[in-house]
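The structure appears right after this line, and notes come after that.
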Amino acid sequence: MGKGDFVVKGVADFDVGQTLECGQCFHFKKIDENEYGVVAFGKLLHIRQDDNSVIFYDTSEAEYEEVWKKYFDLDRNYAQIKASLLEKDSKLKQAMDTMWGVRILKQDFFEILISFIISQNKQIPHIKQIVATISRKYGDYLGKIGEEEFFGFPSCEKMLDITLEDLKECKTGFRAPYIMDAVSKVGDKTIDEKILREVDIHVCLEKLQLIKGVGEKISNCVMLFGLEKREAFPIDVWIKRIMEFMYFDREASKDEIATFAKEQFGEYGGYAQQYLFYYGREKKLGK
DNA sequence: ATCCAGGAGGGCC
DNA sequence: GGCCCTCATGGA
């Protein structure tokens, strides 16, 4: 009764583990080595990779084309992106060669917005836990892989009914009123995804920061991971340390780093950021 | 135990 | 503008 498995062979510049574990996504569960359960856009995917062939379990070709190929950004030429970055900056080579299989996911705007509001002053495992709790309590049940149950992230409409107390029960702490504000502003179209996609990065940054608890860093994450603005360059504590270590050899302000990154990486800022973030964090650069 | 985590708001100067 | 404190919670 399954749709059958869909297998993609000969994929380049893609590693499912690296792509999911690099810190851009909080809604997945590792099943085994190179094998994951992933939730996105109200669907559950069971995926596994063996070298350059990727198995999408119980997935039709149509669903792959419509949903997962886009989600994993598989129709983009990363070899060209890497070459362009390297042409200007050979320092990226080691990070890029190590994290060669990272692709930037095209995730849902609303889920990314709420997830990165949650992310402030928290470690990645705990962010994942809170996203899972909110999904379990307020999202739709999507199925299970083994004993693990998966739930979709609730829509904005559904979250409009949630109270501050409900959110605090999900361990969101001082972020609860921030989430309430985001839900309300997306709900009444003060924040409109369609418009945000059309405007340039500076206007987008301003609009996103109308939400309480959303500053420059979270806005840049939302633009990069949820609005496909790949020039965005989020600067968090890690990227700050890594950039200081690799390019400044001294302390540098976030503004200074942002200006440098724009000049150095340009339209590929988001890709550079992701390779550097993941590599630097794994190697504990600058710590 | 104290410190810190993919930050941001608010008060102060 | 910059600097400092605080926010709720859990892991090292």
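Note on naming: letters A, B, ... go to the chains in the order of the sequence lines (proteins, then strands), and numbering restarts at 1 for each one. Because only heavy atoms are used, hydrogens play no part in the values below, and waters and symmetry mates are left out as well, while side chains stay in.
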Only pairs at least two apart or in different chains count here, so list each salt bridge (charged side-chain N to carboxylate O under 4.0 Å, His left out) that has a residue in residues 163-173 of chain A. A:K137-A:E169
Please work out whether the ring planes of A:F28 and A:Y36 are parallel, tilted or perpendicular, with thresholds of 30° and 60°. perpendicular
Which whole number of Å gives the distance between the P atom of C:dA8 and that of B:dG10? 14 Å
In B/S/- notation, 5' to 3', how is nucleotides 1-6 of chain C contacted by protein heavy atoms closer than 4.0 Å? ------
Rounding to an integer number of Å, can you tell me how far A:Y178 OH sits from B:dG9 P? 6 Å
Using the rule given for salt bridge (Lys or Arg N to Asp or Glu O under 4.0 Å), can you reason through A:K254 versus A:E216, listing the C-alpha separation, both sets of side-chain angles and the distance that settles it, and then say yes or no? CA-CA 10 Å; A:K254 289 185 175 181; A:E216 198 158 342; over 6 Å; no
Quick check: are there more than 12 heavy atoms from other residues, nucleotides or ligands sitting under 6.0 Å from CG of A:D75? yes
Base, sugar-phosphate, or nothing for A:G215, non-hydrogen atoms under 4.0 angstrom? sugar-phosphate
Rounded to whole angstroms, how far apart are CD on A:Q273 and C1' on B:dG6? 9 Å
How close or far is atom C1' of C:dT9 from atom CG of A:L167, stated in whole angstroms? 15 Å
Check every atom of B:dG6, C:dC7, C:dT9 against the side chain of A:K171 and return the nucleotide holding the closest atom. C:dT9
Strictly under 6.0 Å, is that where the ring centroids of A:F14 and A:Y78 end up? no
In whole angstrom, give me the gap between the P atoms of B:dG6 and C:dC3. 24 Å
Rounded to whole Å, how long is the line connecting atom CD of A:Q120 with atom C1' of C:dT9? 13 Å
Could you state the atom-to-atom distance from CD1 of A:I134 to C1' of C:dT9 in whole Å? 14 Å
Nearest-nucleotide check on DNA chain B, A:Q24 vs A:Q209; residue mapping nearer the 5' end is A:Q24
Output the rounded distance in Å from CD1 (A:I242) to P (B:dG6). 11 Å
May I have the distance from A:I179 (atom CD1) to B:dG9 (atom C1'), rounded to whole angstrom? 16 Å
Are the side chains of A:Y138 and A:C170 in contact, using a 4.5 Å heavy-atom criterion? yes
Where the side chain of A:F225 is concerned, which of B:dG7, B:dG6, B:dG10 is the nearest nucleotide? B:dG6
Sub-4.5 Å side-chain heavy-atom contact between A:Q107 and A:F225: yes
Have a look at A:P125 and say if it touches a base, only the backbone sugar-phosphate, or nothing, with a 4.0 Å heavy-atom cut-off. nothing
Name the pairs: protein N/O against N/O of nucleotides 3-5 of chain B, kept only if under 3.5 Å.
from: B:dA5; atom 1: O3'; to: A:K122; atom 2: O; distance (Å): 3.2
from: B:dA5; atom 1: N3; to: A:N121; atom 2: O; distance (Å): 3.3

Counting heavy atoms from C-beta on, name the nucleotide in B:dG10, B:dG6, C:dT9 closest to the side chain of A:S119. B:dG6
What is the nucleic acid contact for A:E216, judged by heavy atoms within less than 4.0 Å: base, sugar-phosphate only, or nothing? sugar-phosphate
Check this for me: does the side-chain of A:Q274 come within 3.5 Å of the base of B:dG6 through a donor and an acceptor? yes
Using a strict cut-off of less than 4.0 Å between a Lys/Arg side-chain nitrogen and an Asp/Glu carboxylate oxygen, indicate whether A:E256 and A:R250 qualify as a salt bridge. yes
Can you tell me the distance, in whole Å, between the CZ atom of A:F174 and the P atom of B:dG9? 11 Å
Would you check, one step at a time, whether the test salt bridge (Lys or Arg N to Asp or Glu O under 4.0 Å) holds for A:R48 with A:D5? CA-CA 11 Å; A:R48 175 190 173 82; A:D5 303 335; over 6 Å; no
A:D73 and A:R230 ion-paired at < 4.0 Å: yes
